[in-house]
Amino acid sequence: MKQITALVILLPLAANPSARPLQQTPASAQEKVNPDAGTVTYRPGAGTILVVELLDSVDTKKSMVGTVVQCVVRQDLLYEGKIIIPRNARVIGHVTEAVEYNKEHPSRLGLLFEKIVLKDNKELPFEFPAVIEAVAPPVRHSVVPTSSLDQMPVQMEKGKSTGAAAIDAVQANPNIMGGNFPQTTGVISGANRGVIGLKGLTLQKSTAEAVTIVGDKGNVKLGPRTQMVLRVINGAK
């Protein structure tokens, strides 16, 4: 009896559908799936805006190229309704240019930021570097006496918002008339651009990847808690 030999051809299995490459998402973040761990991480993408404050002072007299610069995020960053970068996360960057002022040329301070460090020390590298879009002095906190109704901590009855209702509420709590109340001023937002409230300084944008703070009347010096707006550039262009 003749024997029949079967020929079996083994084909490669299809790629794991859960293993997706790094993709740009429309909400200023990148999503990366690790098929082994089954976890999802995010990278802030091009166009991401962050409002931050400096942790330590940076100036053109003491800093040098390569000096590490750290900031603290002051506004939560949301992605698809979830907080992916919370307040108090750190943003890490470095000095790219530090030129002292003299009579022949202004001072120049260049800063570039590369990543975010979360509370658990987890790092979120930016898709591309982040540059400065705005810079402003620290937020000012003060206590002021006032008799203005719109500045008093007045709590009216539900459904009552008229001027008469406010007066009734104040009369029910006469101790708040002329009292001292905390006041916060000078807070910037992600919509701000340029130099705000810092005389003698300007922002000079030479390229999409280089934004420099220029001091025409002396050395550039940014103290602790200086506010900045950062934007992740589109390095693909």
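- In this structure, the side chains of E97 and T212 come closer than 4.5 Å at one or more pairs of heavy atoms.
- Side-chain contact check for E53 versus C71: every heavy-atom pair is 4.5 Å or farther apart.
- What you find for N192 and A134 is that their closest heavy atoms are O-CB, 3.5 Å.
- In this model, no donor atom of one side chain and acceptor atom of the other lie less than 3.5 Å apart for R74 and Q227.
- With a 4.5 Å cut-off on side-chain heavy atoms, V69 and F113 count as touching.
- In terms of heavy atoms, A98 sits closest to S63 at CB-O, 3.6 Å.
- A side chain to side chain contact (heavy atoms under 4.5 Å, CB included) with R90 holds for exactly one of V52, V73, N121, L118; it is N121.
- V95 and Y101 fall into different hydrophobic clusters, where Ile, Leu, Val, Met, Phe, Trp and Tyr are joined by side-chain heavy atoms under 4.5 Å apart, directly or via other members.
- Across all non-hydrogen atoms, the minimal contact from P106 to G215 is CB-O, 3.1 Å.
- Criterion: ILVMFWY side-chain heavy atoms under 4.5 Å apart, direct or through other members. Under it, I213 and L55 are not part of a common hydrophobic cluster.
- A salt bridge is absent between E100 and K61: the closest approach of a Lys/Arg side-chain nitrogen to an acidic carboxylate oxygen does not fall below 4.0 angstrom.
- Linking Ile, Leu, Val, Met, Phe, Trp and Tyr residues whenever their side-chain heavy atoms come within less than 4.5 Å leaves I132 and I92 in two separate clusters.
- Using modelled atom types, one side-chain atom of T226 and one backbone atom of G223 make a donor-acceptor pair closer than 3.5 Å.
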Worksheet item: Between M228 and L54, does a side chain to side chain contact (heavy atoms under 4.5 Å, CB included) hold up when you go through it step by step?
Response: CA-CA 8 Å; M228 295 190 296; L54 278 174; 3.9 Å; yes
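- Counting only heavy atoms from C-beta outward, the side chains of K199 and K217 never approach each other to under 4.5 Å.
- When the side chains of ILVMFWY residues are joined at heavy-atom separations under 4.5 Å, either directly or via intervening members, V99 and L112 end up in two distinct hydrophobic clusters.
- Proximity of L50 to F126: side-chain heavy atoms (C-beta onward) are separated by under 4.5 Å at one or more points.
- When each of T48, I116, I49 is paired with L77, the side chain to side chain contact (heavy atoms under 4.5 Å, CB included) condition holds for T48 and for no other.
- A side-chain donor-acceptor contact under 3.5 Å links R193 to the backbone of G190.
- One finds a salt bridge joining E133 and K205 here, because a Lys/Arg side-chain nitrogen approaches an Asp/Glu carboxylate oxygen to under 4.0 Å.
- The main-chain N or O of A46 is found under 3.5 Å from a side-chain atom of E127 such that the two form a donor-acceptor pair.
- Interatomic distance, CD1 of I85 versus NZ of K82, reported as 15.0 Å (0.5 Å rounding).
- Taking the side chain as every heavy atom from C-beta outward, V58 and L109 approach each other to under 4.5 Å.
- We find the CG-CG distance between L78 and D76 to be 6.5 Å, quoted to the nearest 0.5 Å.
- T96 places a side-chain N or O within 3.5 Å of a backbone atom of G110 that can act as its donor or acceptor partner.
- In terms of hydrophobic clustering, with Ile, Leu, Val, Met, Phe, Trp and Tyr side chains grouped at heavy-atom distances under 4.5 Å, L222 and V214 are assigned to different clusters.
- Of the possible polar contacts, one joining the T60 side chain to the V220 backbone as a donor-acceptor pair under 3.5 Å is found.
- S107 and N219 form no side-chain donor-acceptor contact under 3.5 Å, judged by distance and modelled atom types alone.
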